[in-house]
Amino acid sequence: MTKTLSLGQAPRGFIGRIRAIDAAACSSALAPTELESRLIEMGFVEDARVEILHEGMFGRDPIAVRVNNATVAIRRREALAIIVD
């Protein structure tokens with residue numbers, strides 16, 4: 001069994017797969033349903049391959065993430081909604 005964690009907790013260089021989105025588990029300024037919709041639109045869908053490429057200089061925020069073949073920037077607090085393994 002593989003251990004799951006949120007993408008927001010993962011270190012730079014992490015490579016894994018998305019298992020779920022739990023938008024209620026993070027403290028975003030967006031409503032959970034809106035955050036979930038935005039994440040899905042950016043490609044954060046179940047079973048997508050993710051890799052953390054870069055972290056911001058201050059507070060490790062935002063992070064640059066490769067999702068399948070696209071690279072996007074996301075705030076760590078919103079990345080907490082993405083469950084990976």
Side-chain angles (χ1 to χ4, degrees):
M1 179 130 189
T2 308
K3 182 181 176 190
T4 61
L5 71 155
S6 75
L7 189 61
Q9 297 170 318
R12 181 175 174 222
F14 172 84
I15 298 173
R17 294 251 174 218
I18 296 174
R19 294 297 160 219
I21 294 178
D22 183 6
C26 72
S27 61
S28 172
L30 301 173
T33 54
E34 186 176 353
L35 176 59
E36 183 175 354
S37 294
R38 286 187 182 198
L39 291 172
I40 290 169
E41 287 171 3
M42 288 190 287
F44 292 97
V45 295
E46 192 172 323
D47 208 38
R49 182 184 181 276
V50 292
E51 177 181 2
I52 297 181
L53 302 173
H54 185 72
E55 300 174 329
M57 212 179 203
F58 302 103
R60 300 174 41 224
D61 200 31
I63 56 176
V65 181
R66 180 169 293 132
V67 184
N68 288 330
N69 294 321
T71 303
V72 297
I74 186 172
R75 293 179 188 101
R76 277 206 183 264
R77 70 175 182 251
E78 294 173 350
L80 290 171
I82 303 165
I83 310 303
V84 294
D85 64 15

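Remember, it's a predicted structure, so these values are computed and weren't measured experimentally.
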**Study point:** Heavy-atom check, side chain of Met42 versus side chain of Val67, under 4.5 Å
**Key:** no
Exercise for review: For the residue pair Val84 and Thr4, establish whether any side-chain heavy-atom pair is separated by less than 4.5 Å.
Suggested key: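 No. Closest side-chain heavy atoms not under 4.5 Å.
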Nearest 0.5 Å please: distance from the [atom1] atom of [X] over to the [atom2] atom of [Y].
{"X": "Ser28", "Y": "Glu78", "atom1": "OG", "atom2": "CD", "answer": "3.5 Å"}
{"X": "Phe44", "Y": "Asn68", "atom1": "CZ", "atom2": "CG", "answer": "10.0 Å"}
{"X": "Leu30", "Y": "Arg77", "atom1": "CG", "atom2": "CZ", "answer": "8.5 Å"}
{"X": "Ile52", "Y": "Leu7", "atom1": "CD1", "atom2": "CG", "answer": "4.5 Å"}
{"X": "Leu39", "Y": "Asp22", "atom1": "CG", "atom2": "CG", "answer": "11.0 Å"}
{"X": "Leu80", "Y": "Ile74", "atom1": "CG", "atom2": "CD1", "answer": "9.0 Å"}

Practice item. Please indicate whether Arg75 has more than 12 foreign heavy atoms, meaning atoms of other residues, nucleotides or ligands, lying under 6.0 Å from its CZ. Key: no
Review point. For Asp47, does the CG atom sit with more than 12 other heavy atoms under 6.0 Å from it, leaving out its own atoms?
Key: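 Yes - once you tally the heavy atoms of other residues, nucleotides and ligands closer than 6.0 Å, there are more than 12.
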Point to revise | N/O donor-acceptor pair under 3.5 Å between Arg66 side chain and Leu53 backbone | key: no
**Study point:** Flag for Gln9-Ser6: side-chain donor and acceptor within less than 3.5 Å
**Key:**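 Result is yes, a qualifying pair exists.
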Identify the heavy atoms of [X] and [Y] that sit nearest to each other, and give their distance.
{"X": "Val50", "Y": "Arg17", "answer": "CG2-N, 4.4 Å"}
{"X": "Pro32", "Y": "Ala24", "answer": "CB-N, 4.1 Å"}
{"X": "Arg60", "Y": "Ala10", "answer": "NH2-O, 3.7 Å"}
{"X": "Ala81", "Y": "Leu35", "answer": "CB-CD2, 4.2 Å"}

Check your understanding: Under a single-linkage definition using a 4.5 Å side-chain heavy-atom cutoff for Ile, Leu, Val, Met, Phe, Trp and Tyr, are Val65 and Ile40 assigned to the same hydrophobic cluster?
Key ->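 Yes, it is one cluster - the side chains of Val65 and Ile40 are joined through contacts under 4.5 Å.
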Point to revise | Hydrophobic cluster identity match, Phe14 and Ile21, side-chain contacts under 4.5 Å | key: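 Yes, same cluster.
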Review point. Is the shortest distance from a Lys or Arg side-chain nitrogen in Glu51 or Arg49 to a carboxylate oxygen in the other one below 4.0 Å?
Key: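 Salt bridge present between Glu51 and Arg49.
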**Study point:** Short N-O contact, Asp61 and Arg76, less than 4.0 angstrom
**Key:**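 Between Arg76 and Asp61 there is no salt bridge, as every charged N stays at least 4.0 Å from the carboxylate O atoms.
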